[in-house]
Amino acid sequence: MTVTFVTTNPGKVNEAREYLAEPVEQLDFDTPEIQHADLGAIAAHKARAAYEHTDEPVFVDDAGLFVDAFDGFPGPYSSYVHDTVGVERVWRLTSEEDDRAASFRGVVAYCDGEDFEATPEPVDRDDRRGQDLSADERAAATTDEQVRTDEGDGEAPPVKLFYGVVPGEIVAPRGDGGFGYDPIFEYDDRTFAEMDPDEKNAVSHRGRALAKFADWLAERDTTE
Ligand code: IMP
C-alpha cells in the first residue's frame, strides 16, 4: 500500500522513506493549519484536511521546540516565532535562564478514513535515549493515540498519532547544517546543525515518531 506524505518539504519525505517499508509518495500541498496549544490537535486537523483533499491514505507531521524554562514556549508556535523573533533571539532569551533544557517534539498523524484497532504501546528503541527522558517526556514519547472528534457536520475520520521527543539543551548557535532551530539545539555535545542528516535523523523527534509509525504500519499490514 502506498502512503502519501502531505508536506511541502522533500527532505522530510526522504527521511520517511528511510523508515517506512511501504512506498511513500509526496503530495506538495500546504495543508491548512489551526492554531492550538497541542501539537497532536494541530496534526490531527492537518491529517483530516489532507485526507479530505486526496481521499487516499495520508500522513502529515507537526513539530516544535519546547524550552523548559518557558513552560514549553515556543512549542506549537515555533514556526511563527522562528520567522518573527528568530533563532538568535530565542538563544539570547534562554541564555538568561539557569535551566536551558529543551526538547524537540514531533507528531506524525495518519488518516485513511478507516477505524483503527487499538495498538500495543509502541517500542521506544534503546539506541534513542528514551531512558534519559523525564516521566512526562517518556509518556509523550511512547504514547500513540487515536483521535476522533465530531467537527460539526457528522463524524470526522479517525486519526492515528505517533509522538517523538528528543531532549537537549539550548546553546549559542553552532553549525551550518539543518534548518530552523538546529544551530541552537545541542544533543550529546553537538548541535543538530553540526550533525550530518543521517546522524540527526537517527535521534530526532521526527525519526522517533516515524519509527513508531513504521512499526505500526508493518504490524497492521500483516494482520489485515
Ligand atoms: P514543522 O511542523 O516541521 O514545520 O516545524 C515547525 C517549526 O518547528 C519549524 O518552522 C522549525 O522552526 C521548528 N522545527 C521543527 N522540527 C525541527 C528540526 O528538526 N530542527 C529545527 N527546527 C525544527
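Whatever order the structure lists ligands and atoms in, that order sets their numbers, starting from 1.
- Nearest to atom 4 (O) of ligand 1 among the protein's heavy atoms is Lys12 NZ, 3.8 Å.
- Counted by atom type alone, Ser103 and Arg105 present one or more donor-acceptor pairs between their side chains at under 3.5 Å.
- If you look at Phe179 next to ligand 1, the close heavy atoms, those under 4.0 Å, come from the backbone and the side chain alike.
- At distances below 3.5 Å, at least one donor-acceptor pair connects side-chain atoms of Gln26 with backbone N or O atoms of Thr7.
- Contact check on Asp68 versus Arg100 returns no salt bridge, with no Lys/Arg side-chain nitrogen under 4.0 Å from an Asp/Glu carboxylate oxygen.
- Between Phe192 and Phe104, the distance from one ring center to the other falls under 6.0 angstrom.
- Residue contact check: Lys200 has heavy atoms under 4.0 Å from atoms 18 (C), 19 (O), 20 (N) of ligand 1.
- The distance from ligand 1 to the heavy atoms of Ser78 drops below 4.0 Å at these ligand atoms: 7 (C), 8 (O).
- Within 6.0 Å of atom CG in Asp196, more than 12 heavy atoms from other residues, nucleotides or ligands are found, so the atom counts as buried in its surroundings.
- Residue nearest to atom 20 (N) of ligand 1, selected from Thr8, Asp182, Val107, Val87: Asp182 (by heavy-atom distance).
- Numbered from 1 in the order shown, with element, the atoms of ligand 1 that lie under 4.0 Å from a heavy atom of Asp62 read 2 (O).
- Ring centroids of Phe59 and Tyr110 are separated by 6.0 Å or more, keeping the two rings apart.
- Note: Phe73 and Phe70 have perpendicular aromatic rings, judged against thresholds of 30 and 60 degrees for the angle between ring planes.
- Of the protein's non-hydrogen atoms, Ala63 O, 3.5 Å is the one closest to atom 5 (O) of ligand 1.
- Judged by the shortest distance from any of its heavy atoms, Tyr181 lies inside the 4.0 Å radius around the atoms of ligand 1.
- Looking only at heavy atoms of the protein, atom 16 (N) of ligand 1 is closest to His205 NE2, 3.2 Å.
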Set out, in order, the CA-CA distance, both residues' side-chain angles and the distance that settles salt bridge (charged side-chain N to carboxylate O under 4.0 Å, His left out) for Asp62 and Arg206, then state yes or no.
CA-CA 9 Å; Asp62 203 64; Arg206 199 166 14 260; over 6 Å; no
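- Using a 4.0 Å cut-off to heavy atoms of Arg206, the atoms of ligand 1 that qualify are 3 (O), 16 (N), 19 (O).
- Below 3.5 Å of separation, one finds no N or O of His82 facing any N or O of ligand 1.
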